Amino acid sequence: MDLRISGVGTRLGGRWVVDGVDATPPPGALTGLLGPNGAGKTTLLRLVAGLLDPEAGAVLVDDVPVHAVPRRERARRIALLEQESSSTVPLTVREVVALGRIPYRTLWGTDTAEAEAVDHALRSADAAHLADRPWAALSGGERQRVHIARALAQEPELLLLDEPTNHLDVSAQLSLLAFVRDLGRTTVAALHDLNLAAAYCAHVLVLAHGRLVAAGDPRTVLTTDLVREVYGVDAVVLTNPRTGRPVIAFGEAAPAPTPGAP
Amino acid sequence: MTAPPPPGPAAAPGTRPGDRAASGAGRAPWRPPLLPTLLVGVVLLVATVLVCVTIGPADLAVVDVARSIAGHLHLGPAAGEPGGVPVLTDAIVWELRLPRVLTGAAVGAGLALAGAVMQSLTRNPLADPYLLGLSSGASLGAVAVLVLGVGLLLPVAAFAGALAALVATLSLARVGGVLTPGRAVLGGLAVSQLAAAGTSFVIFWSATGDSYREILNWLLGSLAGSTWQSVAISTVALVVVGTVLVGSAVRLDAFAFGDTAAAALGIDVDRTRWVLMTLVALLTGAMVAVSGSIGFVGLVLPHAVSAITGPAHRRLLPVAAVVGAISLVWADTGARTLFDPRELPVGIVTALIGVPVFAVLLRRGRGSAWT
């Protein structure tokens, strides 16, 4: 799927929370959406998902404005996982994943492919062993995995994730991002952890105050200057000797520019 | 430091469908197939109606009930004719008890449906027409028409009252465009108290001797005044609104993880919520118009039923309706016979059963959605 974000902007309470963002996340790869709290990451994801109509510009999916695509069709092509997603409904994991088939359901009951698609999504997200557990009894990492399975059950061409690694332990963070990266699907994930973005993303978009301030390969984008400019933090950018990818060490280092980013 | 990522699950095709059974991590709760469950429910409902009509001060047999009904449906000899039931028996069955039992069944089904739908739309397990003030609003509307002689039909006024209460509750509960489940119940409490006070005031203002009893009947609910007109009002509302609600089951499922998740699944969240809430107000209005505000049926039954059917609405809603019908008929039979010759408002019976269940729900619900 060909995704193009073209001059997109929207206001909340009179302020432009997303302001003229132009970006083209590479198809079939994981794109990291970075920026401090309040930079507009969640709002941009909602715009891309078509849940919010842009006041300026457009999000184009295969050259069609996403907010012009009928809801059901949109839900078959784009899946969005929210940052905080919980439920008081006593659902089993399988039932949670089956929610992803709602855009395919007819008025009465399920589409014939439902059980198969749910099984497939559970297996792809490595959550098949959880299928019959109550959703409420899962750990944070397992829940996130099940949410991914629910998104996969939508069979989306575009996957949008809002801070999917929040509240996960280190191992769960790493395996989740590796999994998403290896899906080979166009994915945009809002991330807080610059090191995770540096390690797993093919492409990063950096937002500040609603504007796109940098975009490209994390190895060239994530520099000392950028971290200071966007996050107001002094950092040293090193290179992981095993992967060749950038590692950002934050600290009280003097605000002198440090060579290191390749 | 970022270590080489652990083996990606995408590269771990070791899990096959069969692993699920072998893993032992948990077993799916057994859920009975829908159609046989509904069939059993309907058979039990018919039996309940026939049996409950026989219960009362004048002892009747199920056969008498069946013969009386057959006579009126021209399937057998009419009352008083050779082979028909005695005229007095027929009058007790056809004029007194059957309308009451059938109204109870329709009201119970309607309240259970309304509760299940509201719980999903507000994402609050405590939501029901009674707690969110709709029933009290409908009572106020109905009483105003009855007593002040406003030229509106009773169910229309009750619907208007329920809708006004719904709008008031949701306005109180919405903060910055977000509906918070906890505030919905608090808002409902305020609206409910106000409407109940209004109902009592209107009845007192026009006091005609027996106003205490009448106030109790509207505030606690009673099926004592049921006629064939009550049966018609409640059944038509149940069939029409109930069909639409059951037809919206998939959309209701989509709300399990909240508004944004529902929108991302292709649901028009605002439109769905308002349309379905308005239908619930309509249903509540019709039920309250014939029975006053009966509490706890809509609150308790959906939870009890979903323990068996699971939370998927296309299974939950029809079964909850049938179980609601059976339950309220038995509760009302208890209300009119337990302390014979005194009759309790049926709301007392439903509260006696419902409050302990409510307490259990409160103790179980420690999640953020409850605060």
Side-chain angles (χ1 to χ4, degrees), chain A residues 46 49 51 71-76 78-80 82 85-92 94-96 98-100 102-103 105 107-109 119 122-126 128-134 136-137 145 154 171 174-175 177-179 181-184 195-196 198-200 240 242-243 245 247, chain B residues 1-29 34 119-120 123-125 181 246-251 253-258 260-269 303 306-307 310-312 314 365 367-370:
Chain A
R46 291 173 61 98
L51 302 185
R71 287 168 206 281
R72 259 165 77 90
E73 193 198 327
R74 198 166 61 210
R76 294 177 187 192
I78 305 176
L80 168 71
E82 290 176 273
S85 204
S86 67
S87 182
T88 53
V89 183
L91 296 158
T92 66
R94 177 176 295 277
E95 286 163 340
V96 171
L99 293 177
I102 284 178
R105 283 198 195 155
L107 182 60
W108 285 104
D119 276 330
L122 279 165
R123 283 198 304 277
S124 335
D126 199 21
H129 59 290
L130 303 173
D132 296 328
R133 303 249 312 262
R145 211 159 261 274
Q154 284 175 256
S171 144
L174 300 180
S175 64
L177 284 179
F179 166 70
R181 177 194 61 194
D182 296 339
L183 279 175
N195 283 312
L196 286 177
Y200 290 97
N240 185 328
R242 272 160 71 181
T243 61
R245 301 193 70 94
V247 174
Chain B
M1 298 295 110
T2 35
T15 40
R16 287 175 303 277
D19 294 348
R20 193 157 48 84
S23 71
R27 181 185 292 178
L34 178 59
Q119 283 155 19
S120 302
R123 302 185 70 212
N124 187 334
V246 174
S248 309
V250 166
R251 265 175 281 170
D253 288 343
F255 280 84
F257 284 91
T260 305
L265 290 170
I267 307 297
D268 188 339
V269 169
H303 293 290
S306 78
R314 66 169 176 275
S368 53
W370 295 71

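Note that the structure is a prediction, hence the values are computed from the model and not measured. Numbers restart at 1 for each chain; the letters A, B, ... are given by sequence-line order, proteins then strands.
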Can you say whether B:Leu34 sits under 4.5 Å from chain A via the side chain, the backbone, both, or neither, judging by heavy atoms?
neither

A:Val96 vs B:Phe257, side-chain contact (heavy atoms from CB on, under 4.5 Å): CA-CA, chis, key distance, verdict
CA-CA 9 Å; A:Val96 171; B:Phe257 284 91; 3.8 Å; yes

A:Arg71 and B:Asp268: side-chain contact (heavy atoms from CB on, under 4.5 Å), yes or no, with the steps?
CA-CA 8 Å; A:Arg71 287 168 206 281; B:Asp268 188 339; 3.2 Å; yes

Given A:Ser87, A:Ala75, A:Ala49, the one with more heavy-atom pairs under 4.5 angstrom with chain B than any other is A:Ser87

Heavy-atom distances under 4.5 Å only: say whether [X] touches chain B with side chain, backbone, both or neither.
X        : result
A:Leu177 : neither
A:Ser85  : both
A:Leu91  : both

Could you go through the side-chain contact (heavy atoms from CB on, under 4.5 Å) check for B:Ile267 and A:Ile102 one step at a time?
CA-CA 9 Å; B:Ile267 307 297; A:Ile102 284 178; 4.3 Å; yes

Quick one, B:Arg314 with A:Arg105, criterion side-chain contact (heavy atoms from CB on, under 4.5 Å). Give me CA distance, side-chain angles, the key distance, then yes/no.
CA-CA 12 Å; B:Arg314 66 169 176 275; A:Arg105 283 198 195 155; 3.6 Å; yes

Looking only at heavy atoms, what is the nearest atom pair of A:Pro90 and B:Pro311, with distance?
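Heavy atoms only, the tightest pair is O-CG, 3.7 Å.
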
Any side-chain heavy atom of A:Gln154 within less than 4.5 Å of one from B:Leu265?
yes

As an exercise: rank B:Ala264, B:Ala249, B:Ala312, B:Gly258 by heavy-atom pairs under 4.5 Å with chain A and give me the winner.
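Heavy-atom pairs under 4.5 Å are most numerous for B:Ala264.
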
Under the criterion side chain to side chain donor-acceptor pair (under 3.5 Å), I'd like the reasoning laid out for B:Thr260 against A:Arg46: C-alpha separation, chi angles, the key distance, then a yes or no.
CA-CA 9 Å; B:Thr260 305; A:Arg46 291 173 61 98; 3.2 Å; yes

